[in-house]
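Everything below concerns the one structure shown next.
In what follows, every chain begins at residue 1, and chains take the letters A, B, ... in the order their sequences are listed.
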Amino acid sequence: MTDQKQDQTTHFGYEQVKSADKADRVADVFHSVAAKYDIMNDLMSGGVHRLWKRLTIEQSGARRGHTILDIAGGTGDLTMKFSRIVGPAGKVVLADINDSMLNVGRDKLLDRGVAGNVEFVQANAEALPFPDNTFDVITIAFGLRNVTDKDAALRSMARVLKPGGKLMVLEFSKTDNPALTKMYDFYSFNILPKMGQMIAGDAESYRYLAESIRMHPDQETLKEMMADAGLVNCKYQNMTGGIVALHTGIKP
Amino acid sequence: MISSLQAVFLDAAEAAVNPVLQRDPVTLAALGKLSGKVIGIEVTGWPVSLYILPHNQGVQLHQQAPCEADVTLSGDVAAFIKLLSSDEKADAMFGHGISVTGNTALASEFQAILKASDPDWEGLLGNLIGDLPAHEVSRYLGWKMGFYKQTGRSLSQNTLEYLQEEIRLLPPAAEIDHYLHQVDQIRQQCDRLAARIERLKR
């Protein structure tokens, strides 16, 4: 790593940290929350995260025999459903940079009998260890905001997509309704860390999650970033008033 | 494109059906054997279709077909309600408003699995409120169900007897049968007479 890159800074929530340190700091957060990740997701979103993921799957256009990459797949919610869609002739790769999350995901999928067409890969989204033009669909759900160099990650995903393949980024975004924004802010900075403390015994990690959402690019910016990465027909769909947005782009 | 409401419906349906199926290992094993198959449901007049992907943990529901469905059941809402509520599902499915296209053997197999499923409701309830209370509730409900069934049967029998025998508002079934038989006989005699007159005219 060059000295120049070591000196560069990036955001870690509201905090400025060295770019080289961000991955480790994010890793600490997810090591801490991995075991209770599913239950916290249900509590934090009131179960709505299942609908966001459902909408993503239904719009993915995934078919029998497809090869699908679920980046930052965490505990495997998307992978599980994709695995049944692509069938034995297809393949789903669950990739996550964090081994704790990957272990939780792998155990959960195996416990539910999801095996045979699923592979588990510990990988950094910025430098995906796959050949060019490999995947029909790539999803990254609630993962992009934790990546240090988002542009590099988007370029890497575009590289491993097959021509005509679809990239889907499901991520927290910006609400356009002032009243909803106020309520959402209050919830994120007052209630969420307390819930994190009570359920997972870790308020700091959940405070980071709330802050990282605020630092993530808004809908239009992310759409431009996807176009800059070489994707076409980039568009987004707001969900729950813009709290979450699903961006899609096609590799030409 | 799928709407949020449809997503809610699909998720709620999965969340309702799968825990029930998971209490019945025999059904799960049978569904597991069907994994990889796609069963399509098309309701006349509904703009969207439903696709069922059976697997070893229940069923996965989709609005978009992952491939051409192995078998598609199509019919109107009434026919599907009849199929779901009927005790004789094979009779309700074949030749009564539901058309089956594709692998009909798969349709029969799926229908047989659903018919044979015997979920452990008591166990499911036990997870929520504890085994002992669940057992008591299920015993109470079983007794209540028996009571209501018995009461319903005797009520309908008594009402019928009152209407037929006491106030003589309705004729008894035997009388109706006899009357219909007589009408049939008269119709036949008329037909014979008409044929005879026709022959005498010639």
Side-chain angles (χ1 to χ4, degrees), chain A residues 42 45-68 76-90 92 108-118 136-137 166 168 170 235-246 248, chain B residues 1-19 21-41 47-72 102-103 106 110:
Chain A
D42 273 332
S45 69
V48 183
H49 74 105
R50 292 169 191 278
L51 296 182
W52 298 329
K53 288 172 183 166
R54 158 80 63 181
L55 288 164
T56 307
I57 287 169
E58 292 289 336
Q59 290 180 31
S60 66
R63 294 286 180 270
R64 272 288 136 81
H66 270 183
T67 307
I68 294 179
D77 285 347
L78 290 176
T79 297
M80 187 156 59
K81 286 204 187 300
F82 276 134
S83 147
R84 289 165 185 153
I85 291 174
V86 301
V92 186
K108 180 171 136 188
L109 293 185
L110 289 177
D111 285 350
R112 298 193 182 183
V114 179
N117 62 354
V118 178
D136 297 284
V137 177
K166 188 188 267 187
M168 311 184 83
L170 182 66
K235 53 190 175 191
Y236 63 86
Q237 176 193 351
N238 280 338
M239 298 175 184
T240 321
I243 288 178
V244 162
L246 173 63
T248 54
Chain B
M1 190 183 283
I2 183 173
S3 71
S4 300
L5 197 66
Q6 287 159 349
V8 170
F9 166 75
L10 289 178
D11 238 51
E14 259 183 35
V17 169
N18 286 338
L21 292 174
Q22 280 160 12
R23 300 299 306 188
D24 182 1
V26 178
T27 303
L28 273 193
L31 283 173
K33 283 185 191 150
L34 296 189
S35 31
K37 305 284 185 203
V38 178
I39 297 158
I41 306 281
V48 290
S49 301
L50 178 70
Y51 296 92
I52 303 173
L53 279 62
H55 55 80
N56 55 6
Q57 292 286 306
V59 290
Q60 190 166 305
L61 304 175
H62 286 283
Q63 197 196 292
Q64 304 285 335
C67 59
E68 197 182 339
D70 294 286
V71 64
T72 304
N103 183 351
L106 172 64
F110 186 61

Atom group of E14(B) that falls short of 4.5 Å from chain A, counting heavy atoms: side chain
Any donor-acceptor pair under 3.5 Å from Q60(B) side chain to K81(A) backbone: yes
All side chain to side chain donor-acceptor pair (under 3.5 Å) counterparts of N103(B), not counting sequence neighbours: none
Charged N-O contact under 4.0 Å between R50(A) and D11(B): no
Heavy-atom proximity to chain A below 4.5 Å, by part of H62(B): both
Minimum heavy-atom distance G36(B)-R64(A), with the two atoms named: O-NH1, 2.7 Å
Nearest-0.5 Å distance that lies between atom CD in Q6(B) and atom CG in L51(A): 12.5 Å
Which portion of A15(B) sits near chain A, non-hydrogen atoms under 4.5 angstrom: neither
Short side-chain donor-acceptor distance under 3.5 Å, R112(A) and Q57(B): no
Donor-acceptor contact present, side-chain E58(A) to main-chain A7(B), <3.5 Å: no
Set of residues satisfying salt bridge (charged side-chain N to carboxylate O under 4.0 Å, His left out) with respect to D77(A), sequence neighbours excluded: K53(A), K108(A)
